Each structure stands twice: as C-alpha cells, then as structure tokens.
Colleague: 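Please see the structure below; I have some questions.
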Protein chains: 2
Amino acid sequence: MQAVTIKDVAALAGVSVGTASRVLSGNPATSADARERVAAAAAQLDYQPNAQAQALRSARSQSLGLLVPDVRNPFFADLAHAAEQAGLSAGYVTLLGNANESSDQQDRYLDTLISRRVDGVIIAPVGGDGGRLRALLERKVPTVLVDRTVPGFRLPSVTTDSETGIRQAVQHLAAQGHTRIGYISGPQATSTGRDRFAAFTQAVAEAGLSQDPELVYFGDYQAASGSAGVHALLELADPPTALLAADSLMAVGAISILHRRGLRIGTDVALVAFDDIEWFALLDPALSVIAHSVEDMGRIAVELLLQVIAGEEPASVVLPSELIVRASSSLPISLA
Amino acid sequence: MQAVTIKDVAALAGVSVGTASRVLSGNPATSADARERVAAAAAQLDYQPNAQAQALRSARSQSLGLLVPDVRNPFFADLAHAAEQAGLSAGYVTLLGNANESSDQQDRYLDTLISRRVDGVIIAPVGGDGGRLRALLERKVPTVLVDRTVPGFRLPSVTTDSETGIRQAVQHLAAQGHTRIGYISGPQATSTGRDRFAAFTQAVAEAGLSQDPELVYFGDYQAASGSAGVHALLELADPPTALLAADSLMAVGAISILHRRGLRIGTDVALVAFDDIEWFALLDPALSVIAHSVEDMGRIAVELLLQVIAGEEPASVVLPSELIVRASSSLPISLA
DNA sequence: CTGAAAGCGCTTACAG
DNA sequence: CTGAAAGCGCTTACAG
C-alpha cells in the first residue's frame, strides 16, 4: 500500500526496476553510477524489501522452521537459542514452533511450515509415528531431526549418546553401595525414552544391581510425572535408595516431592538427573547430572540442515554424554 | 516448482482457479457442487496454499513478530510460550526473535519483521532509545510493548506494577529486623530497571531503613551481574543482611556466589527475587519471590495487538505483583 | 454462482 | 551494463 517498494527506489534513483533489483541484490552487472544512486535512494526511503515477494519469485524464503516439544523446557529453550543464533549468522530467520507436547499441534505446525515454504525444518519430534512429517518428506523439504529420531524416517539427525552417561551414573551409584536404583523413564513413544531406558536396563544388569521391573516408572518428560514416579517408587515394599530421572523436568518434579516428604536428597536418597541445567548446580545439595551439550546440538543441527539445503547428504551426528558428580549422589550408602 | 498449486487443484476439480480460490477461502458465493469437487481435489493432492503468495496478494501475513531480550531467561521463555499459544488460537503464527540482549540484534530483527510484513509486533525492548522501533511506527505496523516501555513511544503496553511487590518485600524484610537491604538493580536503560529501583528507594525510605547508596548495585539482568553484585555488597564495611534481586537471572547468580562463599541463605543472609520461577520453590531454602503472571502478560499482549490490528486503540494494562514469602527470608534477623 | 483478467512486489533470462 | 517483459501463486473486483 503505502509501503516503499522497489519501484519507488528505482524512480528516485532514475533507473529501471530491474537495475534497482540488481544493485540491491549485489549483482555485479551494474555500473558504479547505478550502484551509488540506487543505494542512496534506498537509504533515503528506508527501503525494506518485501520478503514475501522475494520468496515467491525466487522460491527461497531464507527462513527455517524449528519445532520443539516445549519451549518452557530449559533444554529446548537453550536448543532454540543455539539454533536461532546459528541460523541468523547464516542469513536465516527461524520460525519457532512449539508443539506443546501434542502431536496434533505439531502436525498443524508442520502444515504451517509447508505453507510458509520454509527452506528447511529442524524438528525434535513429538509422538511415535511421524504424523505430518511424511508430508514434509514428500515435498522434499530439507529436514533434520534433533534430539529424537523417528523409526522409519531416514533423515540426518543430531542426537545424544545417552548410553555412556547412563552407564557412568549407574556405575557411580553402584560404587556408593546402591543396589536398588529407581528409574524415572521418559515415554517409550520417544527415541530418547527408549534409548535411555535400554541403557539403564543394560547398565543395571552389567553392574549386578537389582533388575526388579518395579524399579522403573514410566513418565512423560513433564514435571508432574517425576513427582508421581517418586511417589510410586517410594511406596514399594522394598524402595530404591537412589533415583535416576531421564530428563530435567521430571527431576524437578522428583525434587519437589522429595522435599515435601521430608527426605534429604544426597543423604536419605541419592538423585541423578539427565540434562545439565544451569540451575541444578545451585540446588542444595547440588544435583549430579548426565550432561550433554545443547549448544553443540543446536549449532550442528543448523549446519546439517544447511548442507541438506545445499543438496548434500550429511551423516548423522551423535554427541557424547557424561556424568557430572555433585553432592546429590556422592555420599556412600553406608553413611546415609 | 513441483509443489501443488491452486492451479492443480482447479484442474483436478474441473473448475477455474478463481472458483477454487473462493471455495478454499470459504467464500459463500460457490455452489455445493464446486465446494465438493474442490475440497476433494485439495484433499487428494494434499494441497497446502503458498502463504507467501496469499500474503503478497492480500497484504495480510497472518503472522506476528515477538521480540524478547533473551529466550533462555525463563521469564521470557514463558512469555513466548503464552503469546505463541494465544496467537495460534487466533490464527496467527508467531515469529520469535531473540535480541540476545543486544540493541543491534534487536534492530536487525525489527528490519526482518518489517521485510516479512508481519501483521503486528510484540516487543520487550532492549536498550534505552527505541532504535529501529521508530521504523515500525513510521510504517504503522501495529505494535504492543510488553514487560518494558520506552520513553517517547506512545504505544499500548502490558507491564507489571512492580511497586506493590517491592514495597511488600521491603516491609517484610524490615519486619524481620533487617535495616540494611542490599539491592541488585536492573539496568537503568530499561523501564523495569528504573521503576523497580525507584520503588525500592521509596519503600526503603518509607520503612525508615538505611538509604546508603552503597547498598545498591547496578546489574544488567544477567546471572553474572548478580554474582558480581553479591560480591560487591558483601565486601562493604557495613554489609547488608538481606538482599533483593531485581530479576530471576541475577538471583541465580546471587545464589551461586552465596553458596560459594559458604553463606546460608535465609540464615546468614535473607534473599528475595523478583520473578516467580517454578524452580525457586524447589531450592533449599525455598526462595521468597515477587510474583507476577507471565501467562497473563503474554495472553493480554496478544489481545491488545489484535485490537490494534483491528484498528482500535486499546488502553495499556498494568498487572499486579505480589510478595510470596518462603524460607529464604522468613527468619527474623535476631535468630539468624 | 462462475470464469477471465489484473495485479500484489519482486527476480531473472532475454535482447541490445 | 541496462530496460522491458514474463511470471512466481495467489485473491478479487468485474462481467455475465
């Protein structure tokens, strides 16, 4: 409407629209004179190109979609931050979508991203089947999975090798004398839920600890399920002396209920959480964690996506995880 | 290119592109027969309209821009979540921009939002002058300020009445016997930094407590400055016995350094933080906070923005704040 | 109720 | 190096 268009810039500079476009896009086939006058006109009018028109014409939107299960989860907030910064420095704007832990909302966002014609999508998928993920692939939209994978979708991914950290945690707890470790698992509909559960099962077996299936509670990566898990595990006839929570939100729920029950973490019960959140080090006692680098994950996901956009077929990346021992798990059980 | 367009849908349905468009947009001037055939064709082809073409033609992008200082700050992550959900239910997609506490990056994002022709912008501004905010207004882009205002910009806003909560906190601390309260302030370049500082100054005077200017440390709302603030305040010849931090991240920095110095929060020194973060209740001792509703803030900001988009001139909204006393500040100083 | 046509703001071969 | 023109995928008066 009253917005400044390239036509206004061209008119003020006294050149054709085509020439104005060439100057503005840095096309070398321009004269010094044209460059100067167009630049001056654009500056004078404070011209901002219509990104929609550019995208429609050039079939490139210079935007990426990032779909996370929950932005309020600090892990995904950090992931969003890392990916957004990496995208920005490559000239891409990031459209952040929040599935809000709902497959339906994820599917709606996927359709939105298709409609917006984003140049690529990074997704930490919610739900067991891919849902509308398939529509993305049918349209050959460059896509990279992050944190989680989905069976049946052969896509580049950036994930964490949860196994190493979990084995370290189990061995560490065994060394403190714990024989019954309660495990608050992620949902088995997610790859991380399955992988971490399998790693826990195997580590417990290797360490010769109790494989009592009652020691496993299946949560949903939300705080409330961490509370419920602690509740259930402590009600067992033979309750665990140590707890391992498969993500930070469930650990938060666990801590909350342990406090309410008057149990001292690190003394009455040991606790280790997957995900290294800044705040965990501030708790009293400080929380032992299985750390993995969310900054690397976000940055590398963007790198892989840019490679896919460039027509390459990058290999998936698996990042390491590592136990960080703090006071919540460092007391031998005999002293507890 | 190989994407399905409305032309394909029209061809398959055996109608003109115009009729297909009318059916797809719910225009009542269509026959039952046309509606049926176009709907079937669209479903069969899994047609997703090109949002760029729609926006270019209709001058409405059905997208909102949300610019926050830092997504990793839980307050703004929650704000983003609330605004995004509210926008979504009104049919808008939210483009989340992260200024990363930099005016320059904020300005770049503002230009991007202009280029993308978002239908409106919600911004928690970084920096003292508006920067490119003025460009937004010159283009008459509907804009709402959230959390913070900027002098000289008459825009609808949703902010917190920090004064009530801060006065409650100061009175509460005075009632426990504290006479020297250390204040870790937000930057004076932000409206919240100024408002909260002014509220603190006044409350301290009203309560008859020490107005020693050395008791105020000016931070930048980041964790590191909270640490630095505690450090500076405790090095005073006559150090404070209670601390009030003007946001959650500075409180986190404060807690970290208090732990490192071996000081017991709530016993050796009282601590109250502005912003009610879920985690604060889990600390041991639980942290007293000045709470305000970030959900309301995000939701109302979207409501106001939709009103501005509709051509109305909504009044600004000021939300309440309130002290929540927990263990970190509940011990009388005589017992400490 | 429907089709043909113009046009949103750009970019990009095509001549010259 | 430059201009004129076509066209990206839609929507919307305009006739009929």
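Below, read A as the first sequence line, B as the second, and so on, with proteins coming before strands; counting in each chain starts at 1. Bear in mind the structure is a predicted one, so any value in this text is a computation, not a measurement.
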Colleague: CG of B:L56 versus C1' of D:dG7: gap in Å, rounded?
Modeller: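 Interatomic distance, CG of B:L56 to C1' of D:dG7: 12 Å.
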Colleague: Taking only Lys NZ, Arg NE, NH1 and NH2, and the carboxylate oxygens of Asp or Glu, determine whether A:D46 and B:R139 approach each other closer than 4.0 Å.
Modeller: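 Yes.
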Colleague: Taking any strand in view, what nucleotide pairs with C:dA13 in a Watson-Crick or G-U wobble way, both distances under 3.5 Å?
Modeller: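 The base-pairing partner of C:dA13, which may sit in any strand shown, does not exist here.
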Colleague: Between A:E36 (CD) and D:dC1 (C1'), how many Å, whole number?
Modeller: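 In whole Å, D:dC1 C1' and A:E36 CD are 16 Å from each other.
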Colleague: Got more than 12 heavy atoms from elsewhere within 6.0 Å of CD, A:E36?
Modeller: no
Colleague: Please find the pair of heavy atoms, one from A:A135 and one from A:I114, that lie closest to each other, and give the distance.
Modeller: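 Closest approach of A:A135 to A:I114: CB-CD1, 4.0 Å.
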Colleague: Look at A:S31 and D:dC1 and indicate whether a side-chain polar atom (N or O) is within less than 4.0 Å of OP1 or OP2.
Modeller: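 Result: no.
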Colleague: Produce a footprint string for nucleotides 10-16 of chain C: one letter per nucleotide, 5' end first; B if the base is under 4.0 Å from any protein heavy atom, S if only the sugar-phosphate is, - if neither.
Modeller: BBBB---
Colleague: Looking at D:dA4, which nucleotide sits across from it as a Watson-Crick or G-U wobble partner, both distances under 3.5 angstrom, or is there none?
Modeller: none
Colleague: Under the rule for side-chain hydrogen bond (donor to acceptor under 3.5 Å, both in side chains), what residues qualify as partners of A:S31, not counting sequence neighbours?
Modeller: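 By the side-chain hydrogen bond (donor to acceptor under 3.5 Å, both in side chains) rule, A:S31 matches no residue at all.
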Colleague: Quick one: does A:N98's side chain get under 4.5 Å of A:F76's, heavy atoms only?
Modeller: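 No, too far: nothing below the 4.5 Å cut-off.
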Colleague: If we count only N and O atoms by modelled type, under 3.5 Å, do the side chains of B:H81 and A:D70 hold a donor and an acceptor together?
Modeller: no
Colleague: What is the nucleic acid contact for A:A34, judged by heavy atoms within less than 4.0 Å: base, sugar-phosphate only, or nothing?
Modeller: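 A:A34: backbone/sugar contact only, no base atoms under 4.0 Å.
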